[in-house]
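Quick caveat, the model's predicted, so the values are computed rather than measured.
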Amino acid sequence: MKAPDWQTIRLLACLGVLCFLSVIASPAQDMQRPASGYLKVKLKTGLDAGHTKVGETFQAEVLSPWTIGECGLSHGARLYGRVVSVTKHSKSSPESTLALLVESADCDDHQQTPPPLHILEIIMPDSPVTPLHSVLPTGSAGMTTANIGHDDNTTPDEAESSIRVGTVSGANDMQLELASGPQFAEVLHSDKRNVSLLTGTRLILGTAEMVPGDQQLHLHPAEQQP
């Protein structure tokens, strides 16, 4: 049997190296896969700063399929969070706050957990807000909106255009501040009453990369950590 020549040996070695690199690169590429848009969830129970205690947990239900990296969330999957700070409203101290930290979710493979997620927008039940797919850019004129009720069944393709970052739709006396609480939790504020979220309140979530640059002030310290 004729021994392989030098060129054949080099070719086989190169092919082996390429195969090895493709195998070790695949998991890294999967983990870097970007999110499939904003994550929409609905609170399973209400929260009220007048009664809620620090450390209390909450759950939300995923309203439409969502993926990031190796984590996929199906419709109806659970997302879990925790109250990390709370302040009651009173006559002597009128400001009420409620800090919510999203901690984990039930990925389809039951092994992965999505990266840290931030609450970008809150929509109160029965709020007469415009569905995300009807808020579209109109050139230099900014956004155009139609007075249409929100649709929980909006598909991901319809819901990718725009959100109202930092707003609490349906509650004009509450404000949402991104990543300003303990562990970079989102903080709800009200100087009129106790902050409260009803069962069925919808949360629009995203990764830190989805937070607009002008609202990333509180996220910069996290980027500076080793």
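- For the atom pair CG (Asp191) and CG (Asp173), the distance works out to 8.0 Å, reported to the nearest 0.5 Å.
- Remark: of the listed residues Val102, Leu101, Val54, Leu101 is the sole one forming a side-chain contact (heavy atoms from CB on, under 4.5 Å) with Arg82.
- Rounding to the nearest 0.5 Å gives a distance of 11.5 Å between CG of Asn172 and NZ of Lys192.
- Separation of atoms CD1 (Ile204) and CG (Leu63) is listed at 8.0 Å; rounding is to 0.5 Å.
- Under the 4.5 Å side-chain heavy-atom criterion for Ile, Leu, Val, Met, Phe, Trp and Tyr, Met210 and Ile68 are members of the same hydrophobic cluster.
- Ala171 and Met124 make their closest contact through CB-CG, 4.0 Å (heavy atoms, listed as atom of the first residue, atom of the second, distance).
- Side-chain heavy atoms closer than 4.5 Å link hydrophobic residues (I, L, V, M, F, W, Y) into clusters, and following such links, even through other members, never connects Leu176 to Val187.
- Note that OG of Ser96 and NE2 of His189 are 10.0 Å apart. Values are rounded to the nearest 0.5 Å.
- Distance CG/Asp106 to CD/Gln59: 8.0 Å, rounded to 0.5 Å.
- Put simply, Leu47 and Ile122 are part of the same group of oily side chains (I, L, V, M, F, W, Y) that touch within less than 4.5 Å, one to the next.
- Val211 approaches Leu120 most closely through the heavy-atom pair CG2-CD2, 3.8 Å.
- What you find for Ser196 and Met174 is that their closest heavy atoms are O-CE, 3.5 Å.
- Side-chain contact between Ser190 and Glu95 is absent, with no heavy-atom pair separated by less than 4.5 Å.
- Taken together through direct or relayed side-chain contacts under 4.5 Å among Ile, Leu, Val, Met, Phe, Trp and Tyr, Leu117 and Val165 form part of one hydrophobic cluster.
- Residues Val84 and Ala185 approach most closely at CG2-CB, 3.6 Å, considering heavy atoms.
- Leu100 has its side chain within reach of Leu197: a pair of non-hydrogen atoms, C-beta onward, lies under 4.5 Å apart.
- With a 4.5 Å cut-off on side-chain heavy atoms, Glu61 and Arg78 count as touching.
- Following chains of ILVMFWY side-chain contacts shorter than 4.5 Å, one can reach Val41 starting from Leu73, so the two form part of one hydrophobic cluster.
- Contact of the Ile119 side chain with the Leu188 side chain is not registered, since no non-hydrogen atoms from C-beta on lie closer than 4.5 Å.
- With rounding to the nearest 0.5 Å, the separation of CD in Glu103 from CD in Gln183 is 7.0 Å.
- A donor-acceptor pair under 3.5 Å links the side-chain atoms of Trp66 to the main chain of Gly37, judged by distance alone.
- For the pair His118/Glu186, a side-chain contact is recorded, criterion being any heavy-atom separation below 4.5 Å from C-beta on.
- A donor-acceptor pair is defined here as one N or O able to donate and one able to accept, closer than 3.5 Å; such a pair exists between the side chain of Asn194 and the backbone of His89.
- Closest non-hydrogen pair, Thr199 versus Pro125, comes out as O-CG, 3.7 Å.
- Formation of a donor-acceptor pair under 3.5 Å by the Ser74 side chain with backbone atoms of Ala77 is not found in this model.
- No side-chain heavy atom of Tyr80 sits less than 4.5 Å from a side-chain heavy atom of Thr57.
- The minimum heavy-atom distance between Arg164 and Ser169, with the atom names listed, is CD-OG, 4.3 Å.
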